[in-house]
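Remarks on the structure that follows.
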Amino acid sequence: VCLGHESGRPTDYPVKAPKKKTPHMVVGAAVVTNRKGEVLIAQRREKDMLGGLWEFPGGKQETGETIQQCIVRELKEELGINIETCGFLVTVKHAYSHFTMDLHTYFAKIKSGRPRPLECQNFQWLKISDLRKVPYSKADLNIIAELEKPNGLK
Ligand code: 9L3
Ligand code: MG
């Protein structure tokens, strides 16, 4: 015989891994344009996530700031330029392996300063038709696709 209690015993099915909530990140990026109709792209530092790839500069939104304030702050930190944001371009939703991201992208213009690679390893101005000549992080390819649409560059 096998003794034991029937009531109150644990369930017999194998446990599933607990559902982890994927972290979500809200990021702002700028398509800075100049008078020649070129746009500013920055190369991520080798040691950072997605190191060596090119992107539209920007970064994580911090508590207490709007996305446009976030973009202004990030471009000051990364490239030493004072910008003003103009029209909204696109929000790219992207899933990385360990988190999801909303990448809110605005057009912007330089108010003062010239770009310097302060928190990026390099930067360059490119015509929209030349943007695909360098490698990007995946999310940013969606921004390029928006810019390539007729009347994409405002
Ligand atoms: N990210 C992707 N494309 C962009 C920007 C500005 C950022 N154009 C991604 C890369 C990082 C995350 O967003 O995983 C946060 O950006 P950062 O704070 O490392 O610049
Ligand atoms: Mg950044």
Side-chain angles (χ1 to χ4, degrees), residues 15-154:
V15 293
K16 294 200 192 89
K19 271 222 180 78
K20 294 196 202 81
K21 199 168 183 301
T22 315
H24 182 69
M25 202 161 65
V26 180
V27 180
V31 175
V32 181
T33 57
N34 66 15
R35 280 186 299 258
K36 293 191 247 174
E38 296 163 330
V39 308
L40 182 63
I41 55 170
Q43 188 177 31
R44 295 181 65 85
R45 290 181 296 199
E46 228 46 72
K47 65 175 170 81
D48 290 342
M49 183 185 166
L50 307 169
L53 296 178
W54 291 81
E55 67 176 11
F56 296 93
K60 267 182 233 163
Q61 184 178 33
E62 291 180 356
T63 308
E65 66 184 8
T66 65
I67 275 291
Q68 297 188 54
Q69 289 167 341
C70 157
I71 295 169
V72 168
R73 175 183 52 73
E74 287 281 349
L75 273 79
K76 180 85 192 162
E77 290 172 3
E78 294 182 353
L79 292 150
I81 51 176
N82 296 306
I83 59 151
E84 62 184 349
T85 52
C86 315
F88 169 74
L89 177 61
V90 68
T91 293
V92 176
K93 291 182 179 289
H94 191 75
Y96 291 101
S97 52
H98 292 91
F99 58 89
T100 56
M101 171 181 72
D102 283 353
L103 179 60
H104 301 294
T105 311
Y106 279 80
F107 286 104
K109 287 195 168 17
I110 295 184
K111 284 202 296 189
S112 64
R114 289 167 68 87
R116 285 166 288 148
L118 301 180
E119 286 181 13
C120 51
Q121 52 171 310
N122 205 353
F123 70 87
Q124 60 180 321
W125 293 97
L126 284 181
K127 287 184 291 192
I128 288 174
S129 54
D130 288 335
L131 281 175
R132 292 194 187 262
K133 292 180 177 171
V134 295
Y136 294 84
S137 68
K138 261 197 185 150
D140 289 63
L141 293 174
N142 296 288
I143 301 175
I144 296 177
E146 282 300 315
L147 292 171
E148 288 169 341
K149 288 181 183 171
N151 298 317
L153 181 56
K154 280 155 202 149

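The basis for the numbers below is simple: all heavy atoms, side chains too, and nothing from hydrogens, waters or symmetry mates. The residues of the chain are indexed from 1 along the displayed sequence. Order of listing sets the numbers, starting from 1, for every ligand and every atom in it.
- For the pair Phe56 and ligand 1, the shortest N or O to N or O distance falls below 3.5 Å.
- Rounded to the nearest 0.5 Å, atoms CG (Leu53) and CD1 (Ile41) are 11.0 Å apart.
- Contact atoms of ligand 1 toward Lys60: 18 (O) (distance under 4.0 Å to a heavy atom of the residue).
- Near Leu50, meaning under 4.0 Å from any of its heavy atoms, are these atoms of ligand 1: 10 (C).
- Distance CG/Leu75 to CD/Glu119: 11.0 Å, rounded to 0.5 Å.
- Given atom 13 (O) of ligand 1, the protein heavy atom at minimum distance is Met101 SD, 3.4 Å.
- Not one N, O or S atom of Gly59 sits under 2.8 Å from the Mg ion (ligand 2).
- Remark: ligand 1 atoms within the under-4.0 Å shell around heavy atoms of Tyr96 are 2 (C), 9 (C).
- The distance from the NZ atom of Lys109 to the OG1 atom of Thr85 is 11.0 Å, given to the nearest 0.5 Å.
- Between Tyr106 and Phe88, the ring planes are perpendicular. Angles over 60° get that label, and only those under 30° would be called parallel.
- Against a heavy-atom cut-off of under 4.0 Å, Phe99 is close to the following atoms of ligand 1: 14 (O).
- Nearest heavy atom pair, residue Pro57 against residue Glu78, reads CB-OE1, 3.8 Å.
- Crowding of His24 atom NE2: a count of heavy atoms from other residues, nucleotides or ligands under 6.0 Å exceeding 12.
- In terms of polar-atom proximity, defined here as any N/O pair under 3.5 Å, Gly58 does make such a contact with ligand 1.
- Taking atom 19 (O) of ligand 1 as the reference point, the nearest protein heavy-atom neighbour is Arg44 NH2, 3.0 Å.
- Interface of Met49 with ligand 1, defined as ligand atoms under 4.0 Å from a residue heavy atom, comprises 14 (O).
- The distance from the OG1 atom of Thr105 to the CD1 atom of Ile67 is 9.0 Å, given to the nearest 0.5 Å.
- The side chain of Leu103, and not its backbone, has at least one atom closer than 4.0 Å to an atom of ligand 1 (non-hydrogen atoms only; side chain from C-beta on).
- The residue His94 has no part lying near ligand 1, judged by heavy-atom distances below 4.0 Å.
- When all heavy atoms of Ile128 and Val39 are compared, the closest pair comes out as CG1-CG1, 4.4 Å.
- Met25 counts as a contact of ligand 1, since one of its heavy atoms falls under 4.0 Å from the ligand.
- Among protein heavy atoms, atom 5 (C) of ligand 1 sits closest to Glu55 OE1, 3.3 Å.
- Atom 2 (C) of ligand 1 has Asp140 OD1, 3.6 Å as its closest protein atom, hydrogens excluded (heavy atom only).
- Ile83 contributes atom CD1, which lies 6.5 Å from atom CD1 of Ile71 (distance to the nearest 0.5 angstrom).
- When the N, O or S atoms of Glu78 are ranked by distance to the Mg ion (ligand 2), OE2 comes first.
- A ring-centre distance under 6.0 Å is found for His94 and Tyr96.
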